[in-house]
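Right, one structure below, let's go through it.
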Amino acid sequence: MNLVDRTVLVTAVSEMAVLRALQLAGNRLQGKRGRSVRGPMKAVEPWSIHVHLQAQEHEFDNLLTDAWQIPVAVGLPDDLLDALDKHVRNLLAAGIEFRRDDLLLTLSRLPQQPVLPWDSQ
C-alpha cells in the first residue's frame, strides 16, 4: 500500500471512530438531560449534540464508555487510540464541532505513522 492510500485509510478509519465516539457521547448526554431536550435536539446529528449540551469533564469517562470497543476489536494501535480519545475529549470539553482538518492536525502530531493490523498483508 502506498503512502497516500495508507494516509487516506488511516484518516477514514480515525474519522469513523471519532464520530462514533461523539455519537455515543451525544446520545448519552441527551439521555441524561431527559425528555425536555429531546424535541429540540431531533434536528441535531448525534455526534454534534455536545455542541448544544455542554459535557463536564467529570462525565467524559461515562460518556465514552465502550466508545473505542470496535477500533480495539479491529486492532487499531494504542498510540492511535490514545490520540483519538484525547481528540474527542478536547471536542467535548470545548463544545466544538468535529472538523476533519482538526483531526488531520491530531494525526499529524503522532510521532510516526501508526502500524495498522492490515499493514502486514
Side-chain angles (χ1 to χ4, degrees):
M1 178 180 314
N2 69 42
L3 183 58
V4 173
D5 290 343
R6 191 177 188 294
T7 301
V8 169
L9 184 60
V10 169
T11 302
V13 167
S14 297
E15 185 171 353
M16 286 188 284
V18 166
L19 287 173
R20 176 67 178 144
L22 288 171
Q23 179 184 36
L24 283 173
N27 287 338
R28 290 174 178 151
L29 269 174
Q30 187 174 349
K32 288 178 68 168
R33 301 302 196 276
R35 287 188 208 189
S36 63
V37 299
R38 286 192 190 127
M41 291 292 110
K42 279 186 179 182
V44 177
E45 297 294 350
W47 52 85
S48 295
I49 289 174
H50 69 282
V51 175
H52 305 279
L53 301 176
Q54 184 64 41
Q56 302 300 316
E57 191 171 343
H58 69 273
E59 299 176 291
F60 292 174
D61 287 341
N62 288 333
L63 293 175
L64 295 172
T65 298
D66 296 330
W68 307 111
Q69 190 173 21
I70 293 171
V72 166
V74 298
L76 292 188
D78 290 341
D79 59 340
L80 178 57
L81 290 170
D82 290 344
L84 297 178
D85 184 68
K86 287 176 188 167
H87 185 79
V88 167
R89 288 170 186 266
N90 287 334
L91 293 176
L92 291 172
I96 58 175
E97 292 273 355
F98 168 82
R99 290 183 20 172
R100 185 174 292 137
D101 291 344
D102 294 336
L103 177 60
L104 291 172
L105 185 58
T106 294
L107 294 174
S108 74
R109 291 181 180 142
L110 289 172
Q112 61 185 7
Q113 281 285 332
V115 176
L116 301 174
W118 45 85
D119 280 343
S120 60
Q121 296 177 355

### Query
Any sub-3.5 Å donor-acceptor pair from Ser48's side-chain atoms to Val44's backbone N or O?
no

### Message
Count I, L, V, M, F, W, Y as connected when their side-chain heavy atoms are under 4.5 Å apart, and connections chain through other members. Are Val18 and Val74 then in the same cluster?
### Response
yes

## Note on the structure
Smallest heavy-atom separation, Leu80 atom then Ser14 atom, equals CD1-OG, 3.7 Å

### Query
At their closest point, which heavy atom of Leu84 faces which heavy atom of Ala17, and how far apart are they?
CD1-CB, 4.2 Å

### Message
According to side-chain contact (heavy atoms from CB on, under 4.5 Å), who are the partners of Glu59, at least two apart in sequence or on a separate chain?
### Response
Leu29, Lys32, Arg33, Ala55, Gln56, Leu63

### Query
If you look at every heavy atom in Leu64 and Ala21, which pair is closest and at what distance?
CD2-O, 3.8 Å

### Task
Taking side-chain contact (heavy atoms from CB on, under 4.5 Å) as the test, write out the residues that go with Leu81, two or more places apart.
Trp68, Pro71, Val72, Leu76, Asp78

#### Entry: Carboxylate-amine/guanidinium contact Arg89 Asp85, below 4.0 Å
yes

### Task
Would you confirm whether Gln54, through its side chain, and Ala93, through its main-chain N or O, come within 3.5 Å as a donor-acceptor pair?
yes

### Query
In terms of hydrophobic clusters joined by side-chain contacts under 4.5 Å, are Leu19 and Leu91 together?
yes

### Query
How many angstroms lie between CG in Asp66 and CZ in Arg20, if you round to the nearest 0.5 Å?
9.5 Å

### Task
Any chance you could measure Met41, atom CE, to Leu53, atom CG, to the nearest 0.5 Å?
5.0 Å

Mind listing the side-chain donor-acceptor pairs of residues 98-107 below 3.5 Å, one per line with the distance, residues two or more places apart or on another chain?
| from | atom 1 | to | atom 2 | distance (Å) |
| --- | --- | --- | --- | --- |
| Arg100 | NE | Glu15 | OE1 | 2.8 |
| Arg100 | NH2 | Glu15 | OE1 | 3.1 |
| Arg100 | NH2 | Glu15 | OE2 | 3.0 |
| Thr106 | OG1 | His87 | ND1 | 2.8 |
| Thr106 | OG1 | Asp102 | O | 3.3 |

